[in-house]
Amino acid sequence: MITLEIQSLDAANASYVTECLGKAMRAEAQTVVDLGALRYFDVSGFAAILKWVTGGSEVRLCSRSGTIHALLELLQADTVVPLYQSREEAMASLRGLDLSQRRSVDTYSRKEDPLPGRRTA
């Protein structure tokens, strides 16, 4: 379990964060990355996230932030990069447990929706 304690993942820190995560995940076959305080990522941050989940070990992401869920949905990446609401759901998916209790990525309330008029597929 790795928890990010940064609010923004962007060109200024994406390489450093990826390097640190790479070292932490190197010996692990499975990792849950809790995006924790993360509230924003730019293209560099998104590329870093993709690198984490395709880096060889099995990685699951989780975040309680509706903003992060909305950004991944906007990029239509939520089908490629599964993002769970909680650590427990992410860990259960690694163990292959029944995820019928899993909430969809857009379970945050519309009051929290930072992009209320966005187009959805």
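If you read the sequence from its start, that first residue is 1, and numbering goes on from there.
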Flag yes if Leu75 and Trp52 sit in one hydrophobic cluster, no otherwise; membership is Ile, Leu, Val, Met, Phe, Trp, Tyr, and two members link when side-chain heavy atoms are under 4.5 Å apart.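 Hydrophobic grouping puts Leu75 with Trp52.
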Cluster overlap Val59 with Leu50, hydrophobic side-chain contacts below 4.5 Å: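 The answer is yes; both residues are in one hydrophobic cluster.
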I would like to know whether Ser86 and Arg64 meet side chain to side chain contact (heavy atoms under 4.5 Å, CB included); could you show each step before the answer? CA-CA 7 Å; Ser86 70; Arg64 295 201 181 273; 3.5 Å; yes
Locate the shortest heavy-atom distance separating [X] from [Y]; write the atom from each residue and the value.
X     : Y     : value
Ile6  : Leu9  : CD1-CD1, 4.1 Å
Glu28 : Ser57 : O-CB, 3.2 Å
Thr18 : Lys51 : CG2-CD, 3.7 Å
Ser63 : Leu83 : N-CD1, 3.8 Å
Val32 : Met91 : CG2-CG, 3.7 Å

Can you tell me how far apart [atom1] ([X]) and [atom2] ([Y]) are? Round to the nearest 0.5 Å.
X     : Y     : atom1 : atom2 : value
Leu94 : Thr31 : CG    : OG1   : 8.0 Å
Leu4  : Asn13 : CG    : CG    : 9.5 Å
Leu38 : Ile68 : CG    : CD1   : 4.0 Å
Ser44 : Ile49 : OG    : CD1   : 11.0 Å
Arg39 : Thr67 : CZ    : OG1   : 7.0 Å

Just do the side chain to side chain contact (heavy atoms under 4.5 Å, CB included) check on Leu61 and Tyr84 with the steps written out, would you? CA-CA 6 Å; Leu61 304 175; Tyr84 298 89; over 6 Å; no
Look only at the side chain of Asp42 and the backbone of Gly45, and say whether a donor-acceptor pair between them is shorter than 3.5 Å.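 Judged by distance alone, yes, a pair lies under 3.5 Å.
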With a 3.5 Å distance limit and no angle check, can you tell me whether Glu89 reaches the backbone of Gln85 through a side-chain donor-acceptor pair?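 Yes, Glu89 side chain to Gln85 backbone: donor-acceptor pair under 3.5 Å.
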Using a distance-only test with no angle check, is there a side-chain donor-acceptor pair under 3.5 angstrom linking Thr3 and Arg87?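 Yes, side-chain donor-acceptor contact under 3.5 Å.
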N-O pairing of Arg60 and Glu58 below 4.0 Å: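 Result for this pair is yes, salt bridge flagged.
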Decide side chain to side chain contact (heavy atoms under 4.5 Å, CB included) for Met1 and Asp34; before the verdict, give the C-alpha distance in whole Å, the side-chain angles of both, and the deciding distance to 0.1 Å. CA-CA 7 Å; Met1 176 71 61; Asp34 184 341; 4.3 Å; yes
Show, in sequence, the C-alpha distance, side-chain angles and deciding distance for Leu71 and Phe41, and conclude whether the side chain to side chain contact (heavy atoms under 4.5 Å, CB included) test is met. CA-CA 8 Å; Leu71 283 169; Phe41 58 83; 3.6 Å; yes
pair Lys23-Glu19: side-chain heavy atoms closer than 4.5 Å: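 When only atoms from C-beta onward are counted, Glu19 and Lys23 do touch, with a gap below 4.5 Å.
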